[in-house]
Amino acid sequence: MRIEALPHSFFERDPLVCARELVGCELVWNGCAGIVVETEAYLACGDEACHTFMRPSARAFIEQHSPGTAYVYLNYGMYWLLNVLVKGGSEDGFVLIRAIEPTRGIELMQQRRQVRAKAPMSYSLHALCSGPGKLTQALGIDGSDHGRDLCAGSGIGFVPNTKPVKLTTDVRIGISKAAHLPWRFLLRGSQFVSVQPGGKKRSKQP
DNA sequence: ACACGGATACTA
DNA sequence: AGTATCCGTGTC
């Protein structure tokens with residue numbers, strides 16, 4: 001039997017709601033997969049940490065694409081980060097996928113991670129996808145996925161969660177602007193997140 | 001603690 | 001062209 005992916009309508013709501021509800025869903029990518037355990041919301045309007053604040057190209061992307069489209073960009077010159085476009089609800093924005101708990105294709109994911117990380121600890125199960133740059137490496141996501149429709153049922157996208165999930169909220173990670181907003185959502189108690197809630201790597205110094 | 005590395009958007 | 005910044009990671 002075939003499981004339906006999250007439809008476009010899922011992403012036609014407030015970005016904070018989408019970020020919250022994506023936790024617990026399974027991210028599937030060409031045979032590899034993992035449960036989403038950490039997300040962050042970014043708002044297109046008034047959020048200084050969102051790309052739309054400084055990048056005309058990000059604003060154009062929102063104009064030209066449908067909700068549920070992948071927004072993938074290169075950060076620090078070496079890590080691809082996966083966002084999902086949220087559009088058509090009360091506010092537009094993005095959801096950054098920050099960590100997943102590996103479920104399928106684990107050996108292949110470890111293979112891909114070993115290329116960049118030599119120490120076995122770096123690609124052990126708990127560290128395999130525990131960060132936005134790590135999970136894109138593991139799943140083989142790169143710039144060619146920028147603009148991809150994640151609701152097309154092509155074996156790439158999100159599978160709805162079945163059980164209710166317990167969530168934790170915390171501030172966003174690694175940003176220098178609007179760093180106080182509690183727009184990071186985590187699966188409560190998960191050992192697969194990038195930084196535990198209340199952890200030390202909070203935000204960059206002003 | 002530090003190096004790694006490139007796209008984007010500024011200044012001129 | 002040159003500069004500043006950036007939603008990170010692995011190893012020092």
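Predicted, not measured: the structure shown is a model, and the values here were computed from it.
- Using a cut-off of 4.0 Å between Lys/Arg side-chain N and Asp/Glu carboxylate O, A:Glu40 and A:Arg172 are scored as not salt-bridged.
- Residue A:Phe94 is classed as having no contact, given no heavy-atom separation below 4.0 Å to the nucleic acid.
- Residue contacts shown for A:Ala117 are limited to sugar-phosphate atoms, with no base heavy atom under 4.0 Å away.
- Among the atoms of the strands shown, only primed sugar atoms or phosphate atoms (P, OP1, OP2) are found under 4.0 Å from some heavy atom of A:Arg113.
- At a non-hydrogen distance threshold of 4.0 Å, nothing from residues 21-29 of chain A comes into contact with DNA chain C.
- Between C:dT5 and A:Lys177, no contact under 4.0 Å exists linking OP1 or OP2 to a side-chain N or O.
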Pairs under 3.5 angstrom, nitrogen or oxygen only, protein versus nucleotides 9-12 of chain B, please.
unit_1	atom_1	unit_2	atom_2	d
B:dA9	OP1	A:Pro56	N	3.3
B:dA9	OP1	A:Ser57	N	3.1
B:dA9	OP1	A:Ser57	OG	2.9

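- The side chain of A:Ser122 contributes an N or O atom lying less than 4.0 Å from OP1 or OP2 of C:dT11.
- Remark: the backbone N or O of A:Ala33 is not paired with any side-chain donor or acceptor of A:Arg104 at under 3.5 angstrom.
- Defined by atom type and a distance below 3.5 Å, a donor-acceptor pair is missing between the side-chain atoms of A:Ser122 and A:Lys118.
- Both stacking criteria are satisfied for A:Tyr76 over the base of C:dG8: a centre-to-centre distance under 5.5 angstrom and an angle between ring planes under 30 degrees.
- Residues A:Tyr71 and A:His51 place their aromatic rings such that the two centres sit under 6.0 Å apart.
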task: Under 3.5 Å for both distances, Watson-Crick or G-U wobble, that's the pair rule; now give the dot-bracket for DNA chain B, with | marking pairs to another strand and [ ] for crossing ones.
output: .|||.||||||.
